[in-house]
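One structure is given here, and the rest of the page talks about it.
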Amino acid sequence: MRWGFVVGLQLLCLAGGVMPFDPLQWVPATIKNPLVDLMSNFLPVIMQVQRLLISHHEDDSKREEFEFVIAGAGAAGSALALRLTERPDWNVLLLEAGGEEVPIMDVPFFIGQFQSTDANWHYVTTPQTTCCVLMKDSRCDYPTGRMVGGSTGINYMFDVRGNPKDYDNWADMGNKGWSFADILPYLKKVEDMQIPELQNSDYRGYGGRIKITYPNSFFDVSGLILKATEEAGFPMTDDYNGEKQTGTGRMQTTTYEGSRWSANAGYLNEARARPNLFLRTRSFVKRLILEGVRARGVRYERGGHEHVAYATREVILSAGAVNSPAILMHSGIGPADHLQQLGIPVVQPLPVGHNLMDHTALATITTLNKTVSPSIPDVLLNPLNLVNYFARKSGPFTSPGGFEAITFHEIEGAEFHTPGWPDVEILYASLNPLATRGLADVFRLSDVAYDRLLEPIKGKPSLVAAIWRLRPKSRGRIFLLNNDTSTPPQIDVRGFSDPEDVAAVLSGLRAFQQVLAAPSFQRVGARIVDAPVPGCEEFDFDSDDYWRCAIHRFSLPIYHQSGTAKMGPPGDPTAVVSPDLKVVGIEGLRVADASIMPLVISGHLQFPCYVIGEKAADLIKQENGN
Ligand SMILES: Cc1cc2nc3c(=O)[nH]c(=O)nc-3n(C[C@H](O)[C@H](O)[C@H](O)COP(=O)(O)OP(=O)(O)OC[C@H]3O[C@@H](n4cnc5c(N)ncnc54)[C@H](O)[C@@H]3O)c2cc1C
Ligand SMILES: *[C@@H]1O[C@H](CO)[C@@H](O)[C@H](O)[C@H]1NC(C)=O
Ligand SMILES: *[C@@H]1O[C@H](CO)[C@@H](O)[C@H](O)[C@H]1NC(C)=O
């Protein structure tokens with residue numbers, strides 16, 4: 001395993017710090033939880049120590065001119081960096097605002113914990129009225145990665161590439177070159193499928209940059225989910241990334257030998273060994289340097305000073321769907337009225353920041369009358385799990401926080417339904433949820449919601465399921481508060497502002513309830529928590545109106561920010577970039593990241609973002625005679 005020794009040492013220190021209080025799990029669950037909160041306080045310290053212990057290759061030269069300057073070393077930016085530096089005559093500068101990835105971040109079980117560290121931009125949404133209402137001030141936490149590897153360093157590692165129809169639909173919108181037939185070769189190029197049963201599939205790639213395995217752990221609740229789904233007569237799928245997405249199946253993850261496999265592992269570790277890649281971390285890109293309508297370079301902040309970097313060929317923004325639009329708007333490329341209000345001279349009017357999409361989920365809690373899966377403290381405090389992880393690369397530490405099963409559901413008969421194109425995803429967390437105020441704080445859950453919904457299930461066997469519409473109609477917006485680049489971009493996510501999205505999730509919930517009613521779940525007394533969601537007391541529990549109320553209140557976006565520099569054909573007034581990812585009306589400037597998605601895919605976003613980076617690099621090479 002990569003850096004295994006260092007992780008081992010650190011984890012043992014961590015366990016040592018925790019265990020004197022609870023060597024043999026004698027302490028009741030209620031007292032354990034604060035210890036886990038304590039662990040969240042340890043993680044940032046371990047990260048800092050590991051950063052000091054591990055040497056990373058990065059550029060410290062004063063060089064200012066390159067062929068290409070890329071802003072953001074996330075999924076797409078990392079793929080671009082590796083592919084562009086395949087041309088030895090091209091020097092590429094990769095500017096990343098965050099710091100390095102360290103081994104502790106690669107232990108799958110710790111997902112979610114890194115949202116409270118400096119590997120996250122710590123954005124929150126603006127106050128919402130149609131989702132997030134039960135969060136503190138009705139504002140959801142809105143994590144997005146701030147590190148080498150971008151969001152792939154803190155994400156939950158699920159490999160869900162979307163449906164072929166997603167890409168065909170992009171092409172139907174006029175985006176030539178983005179049909180599934182065009183994209184499948186890229187998906188295969190990215191993938192290194194390590195699950196033996198899936199290696200011979202025509203849909204899957206083998207030998208690519210990003211490794212995919214099943215976690216070497218499977219909690220009993222995950223098995224129950226699969227069994228009960230079958231009993232309830234719903235379809236199963238052996239590979240939701242293959243021929244048939246619809247159904248329930250086992251989660252595939254971007255992991256290898258029990259560790260996270262990020263953009264850093266898959267792309268940058270190789271790219272940064274090349275002499276023509278210049279990677280500068282802790283480098284925050286503020287604005288573009290524009291000469292008329294030509295992008296010449298960027299202004300960025302590093303070590304408290306402002307620097308410039310020039311691109312003789314192109315500047316590429318891969319800063320993600322929140323930050324790429326912010327850089328554009330700060331540079332005078334955006335909605336004219338909005339920029340004028342902020343005193344930013346308009347260079348090119350474009351609908352930057354519009355079309356913000358996310359997957360906004362209803363959260364549900366189901367209690368069981370029998371302990372089927374462990375809780376987070378049970379896993380952390382059992383020394384055998386550590387031994388298993390380091391000696392055999394297996395056991396619960398390889399589980400991405402207990403998310404091991406997933407459902408793609410088609411709402412047959414719905415007006416908006418297309419056969420073969422699932423409408424709803426259900427994601428299950430097969431661990432007893434950790435009811436602590438510390439964790440609730442990470443998600444900004446309000447005290448009234450915590451007291452009503454989580455406190456009563458503390459230490460009890462239960463299952464959390466999140467349900468969302470895969471292709472929502474709701475649209476939000478990214479905008480600026482002022483022309484100061486240090487003010488965070490504003491995120492008005494507006495999940496569930498379209499009633500059709502509410503209806504779709506309600507249908508998904510009803511399907512989930514049928515699964516809960518199946519014999520396997522009934523044997524363990526599965527029941528959705530009926531403590532009314534605060535604010536929904538006026539409705540009869542389990543009526544459609546009750547759930548519509550809950551959907552607006554107990555819901556959160558699940559970090560699939562996309563669409564804010566929409567790709568579209570020439571003449572499309574909603575487009576910010578063309579199908580070759582060039583910013584409309586500007587020369588020498590592309591956007592390549594989740595921002596360009598015209599419609600969010602029916603999956604999770606890391607794979608399409610890798611593909612966007614790979615494809616951008618090919619487009620650039622083709623235009624430059626290669
Ligand atoms: C908590 C979380 C969980 C997720 N779980 C999953 C999952 O399980 N499966 C999945 O497929 N997807 C998941 N995603 C989504 C997926 O990881 C992202 O959609 C994907 O990584 C986006 O790729 P990107 O290239 O658009 O941007 P990112 O990967 O976010 O990279 C953008 C990079 O740009 C840097 N940057 C931003 N602004 C600047 C600036 N001004 N100057 C310099 N650098 C800058 C950022 O620090 C970051 O490193 C998750 C995301 C999050 C946040
Ligand atoms: C920011 O806006 C103010 C007016 O609100 C203006 O005086 C200032 O020049 C602007 N600065 C930049 C960098 O655009
Ligand atoms: C759990 O609930 C089921 C169904 O209500 C019941 O048959 C079973 O006896 C219960 N088990 C326990 C341990 O209470």
Side-chain angles (χ1 to χ4, degrees), residues 108-109 111-112 156-160 195 197-198 213-242 244-253 255 359 361-376 378-379 395-396 398-411 422-434 457 460-468 470 505 507-529 558 602-604:
F109 193 72
I111 58 160
Y156 291 9
M157 295 167 276
F158 312 143
D159 168 15
V160 189
I195 301 168
E197 315 80 282
L198 302 182
T213 64
Y214 284 136
N216 282 323
S217 146
F218 199 61
F219 295 119
D220 291 345
V221 166
S222 309
L224 268 189
I225 292 163
L226 300 188
K227 201 152 169 251
T229 306
E230 239 177 331
E231 289 166 354
F234 286 104
M236 306 301 286
T237 177
D238 291 335
D239 181 9
Y240 52 76
N241 288 315
K244 180 170 158 264
Q245 185 185 15
T246 303
T248 297
R250 224 184 131 174
M251 185 73 83
Q252 304 165 16
T253 55
T255 49
H359 287 134
L362 163 70
T364 67
I365 304 170
T366 299
T367 52
L368 312 175
N369 68 2
K370 186 173 168 236
T371 301
V372 189
S373 282
S375 66
I376 291 180
D378 295 337
V379 171
T398 69
S399 174
F403 294 91
E404 298 170 340
I406 191 167
T407 296
F408 299 93
H409 174 68
E410 293 189 42
I411 306 176
D423 303 288
V424 167
E425 178 173 326
I426 309 176
L427 182 69
Y428 311 90
S430 306
L431 275 173
N432 295 333
L434 185 62
I457 62 150
K460 294 197 180 134
S462 29
L463 161 76
V464 173
I467 307 173
W468 62 84
L470 286 163
V505 166
S507 270
L509 170 84
R510 296 302 185 198
F512 173 55
Q513 286 177 312
Q514 289 178 45
V515 172
L516 291 178
S520 289
F521 264 132
Q522 278 313 298
R523 264 193 293 278
V524 293
R527 273 185 74 197
I528 282 203
V529 166
I558 57 124
S602 316
H604 294 234

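Values in this document were obtained by computation on a predicted structure and should not be read as measured data.
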Next on the checklist: Apply side chain to side chain contact (heavy atoms under 4.5 Å, CB included) to residues Phe521 and Leu224 and explain how you reach the verdict.
Outcome noted: CA-CA 7 Å; Phe521 264 132; Leu224 268 189; 4.1 Å; yes
Item to check | Worked check of side chain to side chain contact (heavy atoms under 4.5 Å, CB included) between Leu431 and Ile376 | outcome: CA-CA 7 Å; Leu431 275 173; Ile376 291 180; 3.8 Å; yes
Next on the checklist: Among Thr237, Ile426, Val515, exactly one meets side-chain contact (heavy atoms from CB on, under 4.5 Å) together with Thr407. Which residue is that?
Outcome noted: Ile426
Checklist entry - Between atom NZ of Lys227 and atom OG1 of Thr248, what is the distance when rounded to the nearest 0.5 Å? => result 15.0 Å
Checklist entry - Are any of the side-chain heavy atoms of Leu509 and Thr364 separated by less than 4.5 Å? => result yes
Item to check | Full working for side chain to side chain contact (heavy atoms under 4.5 Å, CB included) between Leu516 and Thr366 | outcome: CA-CA 9 Å; Leu516 291 178; Thr366 299; 3.7 Å; yes
Item to check | Ser462 OG to Leu368 CG distance, which is reported to the nearest 0.5 Å | outcome: 6.5 Å
Checklist entry - Taking all atoms of both residues into account, what is the closest heavy-atom pair of Met157 and Ile111, and its distance? => result CE-CG2, 3.2 Å
Next on the checklist: I'd like to know whether Phe158 forms a side chain to side chain contact (heavy atoms under 4.5 Å, CB included) with Leu427, so could you lay out the CA-CA distance, the side-chain angles of the two residues, the decisive distance to 0.1 Å, and finally the verdict.
Outcome noted: CA-CA 10 Å; Phe158 312 143; Leu427 182 69; 3.8 Å; yes
Next on the checklist: Suppose we call two aromatic rings close when their centres sit under 6.0 Å apart. Are His409 and Phe234 close by that rule?
Outcome noted: yes
Checklist entry - For the residue pair Pro400 and Pro215, what are the closest heavy atoms and their distance? => result CD-CG, 3.6 Å
Checklist entry - Under a 4.5 Å cut-off applied to non-hydrogen side-chain atoms, are Ile457 and Ile365 in contact? => result yes
Next on the checklist: For a quick test of reading the model, state the closest non-hydrogen atom pair linking Thr255 to Pro108 and the distance between them.
Outcome noted: CG2-CG, 4.1 Å
Next on the checklist: Within the 4.5 Å heavy-atom criterion, are Glu425 and Ile467 side-chain neighbours or not?
Outcome noted: no
Item to check | Under 3.5 Å donor-acceptor, Thr253 side chain and Tyr214 backbone | outcome: no
Next on the checklist: Give me the atom names and distance for the closest heavy-atom approach of Ala405 to Ile225.
Outcome noted: CB-CG2, 4.2 Å
Next on the checklist: Could you report the tightest heavy-atom contact between Phe219 and Ser399, atom names first, then the distance?
Outcome noted: CE1-OG, 3.7 Å
Next on the checklist: For the CG atom on Asp238, are there more than 12 heavy atoms of other groups (residues, nucleotides or ligands in this structure) within a distance under 6.0 Å?
Outcome noted: no
Checklist entry - In terms of the angle between their ring planes, are Tyr240 and Phe408 parallel, tilted or perpendicular, with boundaries placed at 30° and 60°? => result tilted
Checklist entry - If you take all heavy atoms of Ile406 and Val160, which pair is closest and at what distance? => result CD1-CG2, 3.9 Å
Checklist outcome for this item: Separation between CD (Glu231) and CD (Gln514), nearest 0.5 Å, reads 13.5 Å
Checklist entry - What is the distance from atom OG1 of Thr367 to atom CG of Asn369, rounded to the nearest 0.5 Å? => result 8.5 Å
Next on the checklist: Using a 3.5 Å distance criterion without hydrogens, assess whether the side chain of Lys460 forms a donor-acceptor pair with backbone atoms of Asn432.
Outcome noted: no
Checklist entry - Side chains of Ser430 and Glu404: donor-acceptor distance under 3.5 Å anywhere? => result no
Checklist entry - Could you give the distance from NE2 (His604) to CG (Asp159), rounded to the nearest 0.5 Å? => result 10.0 Å
Next on the checklist: Does the plane of the ring in Tyr428 sit parallel, tilted or perpendicular to the ring in Phe512? Use 30° and 60° as the thresholds.
Outcome noted: tilted
Item to check | Option among Gln245, Gln252, Lys244 that satisfies the side chain to side chain donor-acceptor pair (under 3.5 Å) test with Asp239 | outcome: Gln252
Checklist outcome for this item: Rounded to the nearest 0.5 angstrom, the CG-NZ distance for Asp220 and Lys370 is 8.0 Å
